[in-house]
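Step one of this worksheet: look at the structure below.
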There are 2 protein chains.
Amino acid sequence: MSDYATLLKASGLKATFQRMIVLETIECDGHRSVEEIHEVLKESYPSISLATIYKNITMLQEKGILTEVPIVGRKSKYELSKSEHIHLVCTLCGGVEDHPYPPQSDEVLRPLIAKEQFALQKRDINLYGICHLCQVASTS
Amino acid sequence: MSDYATLLKASGLKATFQRMIVLETIECDGHRSVEEIHEVLKESYPSISLATIYKNITMLQEKGILTEVPIVGRKSKYELSKSEHIHLVCTLCGGVEDHPYPPQSDEVLRPLIAKEQFALQKRDINLYGICHLCQVASTS
DNA sequence: ATATGTGCAAAGGGTTTGCAGATAT
DNA sequence: ATATCTGCAAACCCTTTGCACATAT
């Protein structure tokens with residue numbers, strides 16, 4: 001549970017209640033789509049507006065506080081920006097799990113980037129498959 | 001330039017003119033969004049319907065002929081399905097380039113997958129940055 | 001001949017925008 | 001006190017759907 005107020009102010013944003021509960025919802029589950037955020041928040045704060053969630057997600061991305069995670073066949077999810085990691089994406093439940101980069105992954109990609117004279121900004125590695133929970137569920 | 005008619009029939013689809021020019025447009029550039037496909041095709045075939053393009057892209061994905069390439073901050077692009085590869089995505093022009101997997105990338109990821117008991121279906125590796133052409137253009 | 005596919009227009013969702021009132025600083 | 005933010009409603013996409021006509025097999 002981060003100090004969202006400080007985080008927001010450091011980016012020149014006002015620390016509003018709505019922003020903090022959006023961030024809290026995302027951090028709580030790790031990865032959430034716009035609609036998921038709205039569904040969750042409506043239960044506790046029925047007056048929250050979908051437009052506000054959209055505006056904040058856009059703004060928080062521009063400030064680098066949130067990162068978009070685009071997913072094949074689904075709506076993008078959003079996560080709190082953090083050091084690079086791999087996503088395991090379940091094609092059944094849509095769940096996303098973070099995992100650290102394997103140690104040698106840098107060296108593996110470096111020759112390709114150098115050869116292409118590509119100014120790398122960000123790596124995005126996603127492994128799609130069926131998570132352990134969904135495998136168990138489908139066996140029973 | 002593949003034999004699209006055979007490809008389509010092998011999946012139980014009729015080899016219509018519209019399907020073939022959609023495939024041709026995608027293969028020609030490598031990666032195209034729905035709107036890009038429509039823009040390109042309208043010039044030569046003004047009567048082509050956007051609805052037809054949508055229906056076909058959905059169907060061609062279901063048959064495994066096309067693969068969706070989701071991209072941060074943009075609409076998804078589509079490519080002809082082929083063996084796994086890495087995407088270099090330019091954050092300025094939105095261009096996507098394919099590159100072969102570096103040889104060791106399998107081994108690097110394997111321990112993670114085993115540990116998580118994750119039934120891997122597909123890897124999706126995207127490197128975001130600025131392509132060489134855009135770098136040159138911004139220097140001038 | 002017939003199942004499938006296309007184009008059109010309408011419907012359906014998701015996302016953005018403008019503005020008046022509310023809030024954080 | 002004031003710049004910023006929120007919620008609402010409307011507008012504005014993008015995408016899907018239903019249906020009559022056309023086409024591939």
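Note that this is a predicted model, so its numbers are computed, not measured. Numbered from 1 within each chain, the chains take letters A, B, ... in sequence-line order.
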For this session: Kindly check if the number of other-residue, nucleotide or ligand heavy atoms within 6.0 Å of CD (B:Gln135) is above 12?
Result: yes
For this session: Please figure out whether B:Lys75 or B:Leu13 has its closest DNA chain D nucleotide nearer the 5' end.
Result: B:Lys75
For this session: Please lay out, stage by stage, how A:Arg19 and A:Tyr4 fare under the test side-chain contact (heavy atoms from CB on, under 4.5 Å).
Result: CA-CA 8 Å; A:Arg19 274 175 191 158; A:Tyr4 302 125; over 6 Å; no
For this session: Using only heavy-atom distances, determine whether the side chains of B:Ser76 and B:Glu68 contain a donor-acceptor pair under 3.5 Å.
Result: yes
Problem set entry | Phosphate OP1/OP2 of C:dG5: any B:Thr52 side-chain N/O under 4.0 Å | no
Problem set entry | Options C:dT6, D:dG7, D:dT25, nucleotide nearest the side-chain atoms of A:Ser49 | D:dG7
Problem set entry | Along DNA chain D (nearest heavy atom to each residue), the more 5'-positioned of B:Ala51 and A:Ala51 | A:Ala51
Exercise. Does a donor on one side chain sit under 3.5 Å from an acceptor on the other, for B:His132 and B:Glu97?
Worked result: no
Exercise. Where along residues 56-69 of chain A does a heavy atom fall under 4.0 Å from DNA chain D?
Worked result: A:Asn56
Exercise. What's the shortest heavy-atom distance between A:Leu8 and A:Met20, and which atoms?
Worked result: CD1-CG, 3.9 Å
For this session: May I have the distance from A:Leu50 (atom CG) to C:dG14 (atom C1'), rounded to whole angstrom?
Result: 8 Å
Exercise. Does the side chain of A:Lys55 get closer than 4.0 angstrom to OP1 or OP2 of D:dC5 through an N or O atom?
Worked result: no
For this session: Give the rounded distance in Å between these two atoms: CZ of B:Phe17 and P of D:dT23.
Result: 12 Å
Problem set entry | Whether B:Ser11 side chain and B:Leu13 backbone form a donor-acceptor pair below 3.5 Å | no
For this session: Rounded off to whole Å, could you give me the CE-to-C1' distance for the A:Met20 and C:dT25 pair?
Result: 13 Å
Problem set entry | Interatomic spacing from OH in B:Tyr78 to CD1 in B:Ile53 - rounded to 0.5 Å | 12.0 Å
Exercise. What residues in residues 40-47 of chain B put a non-hydrogen atom under 4.0 Å from any atom of DNA chain C?
Worked result: B:Ser47
For this session: Look at the side chain of A:Asp29 and the backbone N and O of A:Arg32, then say whether any donor-acceptor pair between them is shorter than 3.5 Å.
Result: no
Problem set entry | Salt bridge present between A:Glu36 and A:Lys75 (N-O < 4.0 angstrom) | no
For this session: Nearest whole angstrom, please: distance from the P of D:dA24 to the OH of B:Tyr4.
Result: 18 Å
For this session: Using whole Å, report how far CD1 of B:Ile53 lies from P of C:dC8.
Result: 12 Å
Exercise. Distance check: side-chain N/O of A:Thr16 vs OP1/OP2 of D:dT4, anything under 4.0 Å?
Worked result: no
Problem set entry | Residue-phosphate contact under 4.0 Å: A:Gln18 side-chain N/O, C:dT23 OP1/OP2 | no
For this session: Begin with the C-alpha distance, continue with both residues' side-chain angles, and end with the deciding distance and a verdict on side-chain contact (heavy atoms from CB on, under 4.5 Å) for A:His87 and A:Asp98.
Result: CA-CA 5 Å; A:His87 292 124; A:Asp98 291 344; 3.1 Å; yes
Seminar exercise, completed: Taken to the nearest whole Å, CD/A:Glu39 to P/C:dG14 is 10 Å
Exercise. For DNA chain D, what residues of residues 29-38 of chain B have any heavy atom nearer than 4.0 Å?
Worked result: none
For this session: For B:Arg123 and B:Glu84, indicate whether the former's side chain and the latter's backbone hold a donor-acceptor pair under 3.5 Å.
Result: no
For this session: Grab the NZ-C1' distance between A:Lys14 and C:dT25 for me, whole Å please.
Result: 6 Å
Exercise. Which is it for B:His31 and B:Ile71 under the side-chain contact (heavy atoms from CB on, under 4.5 Å) test, yes or no, and what are the steps along the way?
Worked result: CA-CA 11 Å; B:His31 311 80; B:Ile71 299 176; over 6 Å; no
